[in-house]
> 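My questions will all concern the structure given below.
Indexing begins at 1, ligand by ligand and atom by atom, following the structure's order.
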Amino acid sequence: MPQYQAVKGARDIFPEESARWKYVEGVVHALAALYGFSEIRTPVFEYTELFQRGIGATTDIVGKEMFTFLPDPGGKSLTLRPEMTAGVMRAALQKNLLGTAPVHKLYYISELFRKERPQAGRQRQFSQFGAELLGVSTPAAVAEVITFMMQVFETLGLRGLRLRINSLGGTHDRLRYREALQAYFGPYRDRLDAPSLERLEKNPLRILDSKNPDMQEIVAGAPKLFDYLDAEALADFEKVLFFLSERGIAFEIDHRLVRGLDYYCYTAFEVTGSELGAQDAVGGGGRYDGLARELGSSADIPAAGFAVGMERLLMTMEKQGLFTALTPHAPLVYIVLQQQEFAEHAMQVAFRLRKSGISTEIDLAGRSMKSQMREANRLRSSYALIIGENEVRSGEYTLKNLVTSEQTALSLETLLEILHEPVLKE
Ligand code: HAM
């Protein structure tokens, strides 16, 4: 085994797989443009406090999954971003984006870091594509981000994903619910585990996330947030569901859905895939009007968004056999050199072809003509361009179609012209 291995929970993506990534990313970029979302890129690290305030100190992400470090002695603590939403909101506030236009539609494809125990579909470095709609969070806005996400899945050909959706209500609804939870869990104090006891005072909603099997019975009997929603929250939720139904987007209402981040209010949703095993969440999101204020803004900023885990998305696509038609990039032309003395001439031809936008490969290791031919076939090149003494002298190169074995002698000018003809590209 080689001396150095990639860190557990981080992985390499080799060309065959990166072709798949590029394909999925291409679909995301194209659909983002259709829906009017523009790309934002934010730094990979932020001040730790941003995530503590934004995601919530009692969440698993902040409590145990952040890669946090002190870059300078006595300096402020930094954290590798575990998600994008807090950073995007921080950037929007810092630049006063909402002061320039009332609505901003942003999207990203970004690397994230969570110190979770690595397993299939769960990594310490992973990637998400997502969108954040800032400045409006009406049912139409929430439905728009969900529709964008679902259209990406549909365009990629994914089948059988489940969209689960819930309403978490407004701040006042959750305050009443919080009291109800404290009243419910209070008598079970002696049966609650240590993290849940801590959450009982600070954030009883998070007790519902508990994975501890001994707690499941108590958790199952807890009051439901949905029963504490006021008429406005219910009407808002109904409207979101109406828009989704109108568009033929199937969903399941799940009143147990709470999400693992504290910033959500009103509609929250999650998408799961049955092919993924234990880590079955492909994506999730919701509305988060209060995040801006949590980050120091003097008022709420209505907002909604989602993020989809790229690795889990690609795993699902692979399991559903959606990549069969994808092959790594193949060159149009492979230059096959007959005598090494004409290597410079051949390289000049390769340069001219590439300058004209024709993908061209050429041997750089001085290998035999036979191995060059073998390489041209291995790369699935469409043509071999044979260059030898005769060709250099006459200025006419032999173009061999590697599928039909047909050969034609052509000048460089003619070559440049016809290799652009789609007819030849098959
Ligand atoms: P999240 O549910 O924490 O939401 O993450 C979204 C998706 O990222 C998950 O459904 C999963 O596919 C993927 N993911 C999360 N952790 C890992 C991991 N360790 N390894 C592989 N994939 C993972 C958010 O991050 C919110 N910022 C979504 C959002 C955007 N809400 C509003 N706007």
> Counting only heavy atoms from other residues, nucleotides and ligands, does the tally under 6.0 Å from NZ of Lys239 exceed 12?
no
> Check each atom of ligand 1 against the heavy atoms of Gly284 and keep those under 4.0 Å away; list them by number with element.
28 (C), 29 (C)
> Enumerate the atoms of ligand 1 whose separation from the nearest heavy atom of Glu83 is less than 4.0 angstrom.
25 (O), 26 (C), 27 (N)
> So, does Gln279 sit close enough to ligand 1 that a heavy atom of it is under 4.0 Å from the ligand?
no
> Go through ligand 1 atom by atom and flag the ones less than 4.0 Å from a non-hydrogen atom of Ala307.
6 (C), 7 (C), 28 (C), 29 (C), 30 (C)
> Write out the residue and atom name of the closest protein heavy atom to atom 8 (O) of ligand 1, then the distance separating them to 0.1 Å.
Gln128 NE2, 3.0 Å
> May I ask you to list the atoms of ligand 1 that are less than 4.0 angstrom from any heavy atom of Gly305?
30 (C), 31 (N), 32 (C), 33 (N)
> Show every side-chain hydrogen bond (donor to acceptor under 3.5 Å, both in side chains) that has at least one partner inside residues 218-232, sequence neighbours left out.
His172-Asp230
> For ligand 1, which atoms have a heavy atom of Glu132 less than 4.0 angstrom away?
30 (C), 32 (C), 33 (N)
> Show which atoms of ligand 1 fall inside a sub-4.0 Å distance from at least one heavy-atom site of Gly285.
31 (N)
> Indicate yes or no for a side-chain donor-acceptor contact from Ser359 to the backbone of Leu332 under 3.5 Å, with no hydrogens or angles considered.
yes
> Could you tell me whether the side chain of Glu39 and the main chain of Leu106 form a donor-acceptor pair under 3.5 Å?
no
> Heavy atoms only, cut-off 4.0 Å: how does Tyr264 contact ligand 1, side chain, backbone, both, or neither?
side chain
> List the closest protein heavy-atom neighbour of atom 26 (C) of ligand 1: residue, atom name, distance to the nearest 0.1 Å.
Tyr263 OH, 3.3 Å
> Give the atoms of ligand 1, by number and element, whose distance to some non-hydrogen atom of Gly283 is under 4.0 Å.
10 (O)
> Could you tell me which atoms of ligand 1, counted from 1 in the order shown, lie closer than 4.0 angstrom to a heavy atom of Gly309?
7 (C), 8 (O), 12 (O), 13 (C)
